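Quick caveat, the model's predicted, so the values are computed rather than measured.
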2 protein chains.
Amino acid sequence: MATGRPHRPTTRGRGIPEATVARLPLYLRALTALSERSVPTVSSEELATAAGVNSAKLRKDFSYLGSYGTRGVGYDVEYLVYQISRELGLTQDWPVVIVGIGNLGAALANYGGFASRGFRVAALIDADAAMAGRPVAGIAVQHIDELESIIADNGVSIGVIATPAGAAQQVCERLVAAGVTSILNFAPTVLSVPDGVDVRKVDLSIELQILAFHEQRKAGEAAAGPDITDMVTPVVPPVAATRRRADDVPARPAVDGAVPHGVGDAGSGPDGSDGGRSAAMPA
Amino acid sequence: MATGRPHRPTTRGRGIPEATVARLPLYLRALTALSERSVPTVSSEELATAAGVNSAKLRKDFSYLGSYGTRGVGYDVEYLVYQISRELGLTQDWPVVIVGIGNLGAALANYGGFASRGFRVAALIDADAAMAGRPVAGIAVQHIDELESIIADNGVSIGVIATPAGAAQQVCERLVAAGVTSILNFAPTVLSVPDGVDVRKVDLSIELQILAFHEQRKAGEAAAGPDITDMVTPVVPPVAATRRRADDVPARPAVDGAVPHGVGDAGSGPDGSDGGRSAAMPA
DNA sequence: GCATGTGAAACCATTCACAGCG
DNA sequence: CGCTGTGAATGGTTTCACATGC
């Protein structure tokens, strides 16, 4: 159980679908922008466009919160802002600690959207004694020895981990032991936590890899595809590759004698022609 | 899961499910760790644990790639690393540009996992002329005027946006016009892009809000016994939680005469009796 | 014998399409 | 009449459980 789990087996029916919860902040942001421009009401269509979803989905999402719209008119912006804020728990503010004040931690501490929407940076914590006392984003960094007392004194229940991967699990354990029950993890590691603790993960490298997958697919289709009508750019000049270690050779099946029958099997170097994306049901 | 769209309606069936693609990087990381410890094979059970998923899911995921395991034995680590890398398109390297070298952009540029897994920072770009020439993570920042030629000269197809929200859409358009077809967006905005361009979004503030939702739910459950459905809780003046503007009052339905009937309607502040932790707020 | 690979079942999410109401 | 709210249809994902084959 890693990333944002269903957090709980289904504590008795009730409740907003996880996918909907994940979109509420999006709606809230769009609504806040409208509110700032003093727009009084919006239709599901307009709001959906602003939030980047389709209107049916938005209406379905809102239907889980209650009937907050007016038929034939739309939604009252201010009222909806309040209802969503309340649903997300943003009418109270949440003290947050950031552990690991390197480049990333500092960036997070400086991030404005942080403080503005119900969250307050209660403390910045780092293991490097040399950092202690140094102000980052106007807050003095504290040494990790203080972690437990900081959590307790401030009633912190949300922690952000921005440490190197190697330190993440240990920091996580200390946070949890001290009372934190929600963790936002920026370290590229799978954290293991006890039940009842939520972990969400933000991983740059994973996001890039997902993009690379689609990117490759586009290139492959463009090159060998009768499908996909027109592509924006013809083909990306496949720059030479530079694999990071010495394992540039495909690597053989191994085991014993028979070779596992891959689908679009190896042989194609960095890319060769490869053709389609391979993948296809096995025989 | 970020905003990564379905990239395409279903370009004709075939292909690996999106949910599976999103997990491949996770498996790859776990496998790489095993590889470094020279572990020759793993079972689906072991690998699943290391990646933080369950084994049935992992096997199903791998089944979309082909039959790369050996019954009764498990998977050959090296071979699987190669197959997944190839599937993700990591056997070639991808030049990436980062636009917006503020705190976050600098953190991204310094992020090690970046370069190590098939990605290469081809350029750092910023709109501030004063930044031009300044080295960040060993690379000289270039002015945004050079954006188009940098993209073209380096065959960049992946761009990372780390600018303030206000600049994001414009930067996005320039990137796309110059040939970028995959974008990783860190700015808190919904980007609109033409078909064929993939956007993935990483949004700190959204992640925190999702955590806050669950956090609130935990507190609510702990405090309000059996069921939260009781509408109109008597007490509780909603804590004056330092809302950022003057709109601290709930905001009324509005429209005309009738009040919309919410579900677990307002009135319930942070939670009342609280029970759980919950920060001593500054009044 | 044991772990993979996979149909089938269960589950969740999205989309459709329209009834219902201001 | 227009737009919300929602049952029903569709599509995708996860889980189960076991046949398959090393």
Side chain to side chain donor-acceptor pair (under 3.5 Å) involving [X] - partner list, sequence neighbours excluded:
{"X": "B:Ser205", "answer": "B:Gln209"}
{"X": "A:Glu87", "answer": "none"}
{"X": "A:Thr49", "answer": "none"}

Taking OP1 and OP2 of C:dT14, is either one under 4.0 Å from a side-chain nitrogen or oxygen of A:Asn54?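 Answer no for this pair, as no side-chain N or O of A:Asn54 is under 4.0 Å from OP1 or OP2.
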So, is B:Lys57 near the phosphate of D:dT13, with a side-chain N or O under 4.0 Å from OP1 or OP2? no
Mapping A:Val42 and B:Pro17 to their closest nucleotides on DNA chain D, which lands nearer the 5' end? A:Val42
Taken in chain and number order and not counting sequence neighbours, the residues that satisfy ring pair (Phe, Tyr, Trp, His ring centres under 6.0 Å) with B:Phe62 are B:Tyr27, B:Tyr75
Take atom CD of A:Glu18 and atom C1' of C:dT14, then tell me their distance rounded to the nearest Å.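 Going from A:Glu18 (CD) to C:dT14 (C1'), I get 16 Å.
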To the nearest Å, give me how far apart CG (A:Leu80) and C1' (D:dT4) are.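 Taking atom C1' of D:dT4 as the reference, CG of A:Leu80 is at 12 Å.
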Per the salt bridge (charged side-chain N to carboxylate O under 4.0 Å, His left out) rule, what does the pair list look like for residues 52-65 of chain B, sequence neighbours excluded?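 Pairs touching residues 52-65 of chain B that pass the test: B:Arg23-B:Asp61.
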Listed nucleotide nearest any side-chain atom of A:Ser44, set C:dA3, D:dT4, C:dT15: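 Of C:dA3, D:dT4, C:dT15, D:dT4 is nearest to the side chain of A:Ser44.
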Pick out the pairs of N or O atoms, protein on one side and nucleotides 5-7 of chain D on the other, that lie under 3.5 Å.
from	atom 1	to	atom 2	distance (Å)
D:dG5	OP1	A:Tyr68	N	3.4
D:dG5	OP1	A:Gly69	N	2.9
D:dG5	OP2	A:Tyr75	OH	2.8
D:dG5	O4'	A:Arg71	NH2	3.3
D:dG5	N7	A:Arg59	NE	2.9
D:dG5	O6	A:Arg59	NE	3.4
D:dG5	O6	A:Arg59	NH2	3.1
D:dG7	N7	A:Lys60	NZ	3.4

